[in-house]
Amino acid sequence: MNPTTLSALAAFPSQLEAHYAAIPTAYRHWAPPSWEGVPSEAFTAIEQLCHVRDIEIEGYHVRFRRTLQETHPTLASIDSEPLAIERAYGTADAAKVLAEFRMARVQTMEIISSLSDAQLARTAVFEGYGPLTMRSLIHYLCSHDQQHLAGLQWLAGKIDASTVDQ
């Protein structure tokens, strides 16, 4: 697997925590009047953390295991908005969510860091993405990480803009 991608995946928990910490405490549950242009799902800062944790565990861990163990499985996409409502993401404890995510990412790195070329070439179909390989799936996870860092930065920009007199 590409070392740049593995390095980015390993560094992400610290980056996520730092980007979240950059959001002023009073705005961690804040939502802008419009989500137009958001580069991630339309989630508040705390909801972003919960989403990343749940997609890691219930999305990518399951997709990785199925791709490695089954013959050309169809991998489900997860509808995030109902999950956020059902699990009351807005009431979550950020420190707990970040700790859970860190543990999940350690498991992710254990799954993916020593895959053989044959394992990386295993195929599946991912709803919304189409046919892919295990290697593709790892790249998509890295992309998902980056989308959520961008989402937090986008929120920070919207927060700052909300203080400007009209």
Side-chain angles (χ1 to χ4, degrees), residues 1-64 75-113 126-129 132 135-166:
M1 188 66 217
N2 182 299
T4 301
T5 301
L6 290 175
S7 177
L9 288 166
F12 180 67
S14 294
Q15 292 174 341
L16 180 65
E17 186 170 357
H19 280 69
Y20 180 75
I23 301 292
T25 304
Y27 287 91
R28 293 190 176 160
H29 300 277
W30 179 84
S34 168
W35 289 98
E36 185 178 341
V38 67
S40 64
E41 287 82 359
F43 287 145
T44 65
I46 186 62
E47 291 169 340
Q48 296 264 349
L49 298 184
C50 295
H51 167 78
V52 167
R53 174 204 57 202
D54 288 350
I55 293 302
E56 185 88 5
I57 296 166
E58 297 170 36
Y60 281 94
H61 284 182
V62 171
R63 293 173 191 139
F64 291 152
L75 309 173
S77 184
I78 295 173
D79 191 356
S80 300
E81 288 181 28
L83 202 59
I85 294 165
E86 173 188 319
R87 296 184 181 175
Y89 280 1
T91 65
D93 175 80
K96 181 177 185 244
V97 173
L98 285 164
E100 291 167 347
F101 175 70
R102 280 186 182 279
M103 288 176 36
R105 183 50 61 96
V106 166
Q107 293 172 343
T108 297
M109 297 309 294
E110 288 171 357
I111 293 168
I112 68 173
S113 61
F126 187 3
E127 291 178 351
Y129 289 80
L132 50 63
R135 181 179 281 111
S136 303
L137 205 50
I138 295 167
H139 285 297
Y140 292 153
L141 173 58
C142 192
S143 171
H144 184 260
D145 288 353
Q146 300 308 307
Q147 289 169 348
H148 286 282
L149 293 181
L152 288 168
Q153 286 297 323
W154 183 89
L155 276 171
K158 287 290 189 177
I159 289 165
D160 191 65
S162 75
T163 67
V164 176
D165 291 332
Q166 299 212 9

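Counting from 1, the numbers follow the sequence of the chain as shown.
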Measuring from [X]:[atom1] to [Y]:[atom2], what's the distance to the nearest 0.5 Å?
| X | Y | atom1 | atom2 | value |
| --- | --- | --- | --- | --- |
| Y129 | S136 | OH | OG | 11.5 Å |
| H139 | L132 | NE2 | CG | 11.5 Å |
| F43 | L49 | CZ | CG | 11.5 Å |
| S14 | R102 | OG | CZ | 4.0 Å |
| C50 | E100 | SG | CD | 8.5 Å |
| I46 | R28 | CD1 | CZ | 8.5 Å |

Legend entry - Result of checking L75, L137, I111 against Y60 for side-chain contact (heavy atoms from CB on, under 4.5 Å):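 Exactly one option meets the side-chain contact (heavy atoms from CB on, under 4.5 Å) with Y60, and it is L137.
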Inset, instruction - Test Y89 against every option in Q48, E81, R53 by the side-chain contact (heavy atoms from CB on, under 4.5 Å) rule and name the one that passes. - result: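 Single pass found, and it is R53.
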Can you find a heavy atom in the side chain of [X] that is under 4.5 Å from one in the side chain of [Y]?
| X | Y | answer |
| --- | --- | --- |
| V52 | R105 | no |
| L141 | T108 | yes |
| I138 | L9 | yes |

Legend entry - Which residues share a side chain to side chain contact (heavy atoms under 4.5 Å, CB included) with I78, sequence neighbours left out: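 If we apply the side chain to side chain contact (heavy atoms under 4.5 Å, CB included) test to I78, skipping adjacent residues, the hits are I55, E58, R63, L83.
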Legend entry - E36 atom CD: more than 12 heavy-atom contacts under 6.0 Å: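 It does not: E36 CD has 12 such atoms or fewer within range.
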Which atom names give the shortest non-hydrogen contact between [X] and [Y], and what distance separates them?
| X | Y | answer |
| --- | --- | --- |
| V97 | A92 | CG2-CB, 3.8 Å |
| Q147 | P39 | CB-O, 3.8 Å |
| S77 | E127 | N-OE1, 3.1 Å |
| E56 | A104 | CG-CB, 3.8 Å |

Inset, instruction - Can you run down the salt bridge (Lys or Arg N to Asp or Glu O under 4.0 Å) pairs that involve residues 152-166, sequence neighbours left out, and say none if there aren't any? - result: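 Checked against salt bridge (Lys or Arg N to Asp or Glu O under 4.0 Å) - neighbours excluded - no pair reaches residues 152-166.
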Inset, instruction - Would you check, one step at a time, whether the test side-chain contact (heavy atoms from CB on, under 4.5 Å) holds for L149 with F12? - result: CA-CA 9 Å; L149 293 181; F12 180 67; 3.6 Å; yes
Legend entry - Main-chain N/O of I159 paired to T163 side chain as donor or acceptor, under 3.5 Å: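 Flag not set: sc T163 to bb I159 has no pair under 3.5 Å.
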Legend entry - Exam field: side chain S113 to backbone M109, donor-acceptor pair closer than 3.5 Å: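 Yes.
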Inset, instruction - For side-chain contact (heavy atoms from CB on, under 4.5 Å), just list the numbers for V38 and L155, CA-CA rounded to whole Å, side-chain angles, deciding distance to a tenth of an Å, and then say yes or no. - result: CA-CA 8 Å; V38 67; L155 276 171; 5.9 Å; no
Legend entry - Residues in side-chain hydrogen bond (donor to acceptor under 3.5 Å, both in side chains) contact with S80, at least two apart in sequence or another chain: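 With neighbours one apart ignored, the set is H51.
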Legend entry - Side chains of H148 and E41, donor plus acceptor under 3.5 Å: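 The answer is yes; a qualifying pair exists.
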Inset, instruction - Decide yes or no on side-chain contact (heavy atoms from CB on, under 4.5 Å) for I112 and M1, but give the supporting numbers first. - result: CA-CA 8 Å; I112 68 173; M1 188 66 217; 5.8 Å; no
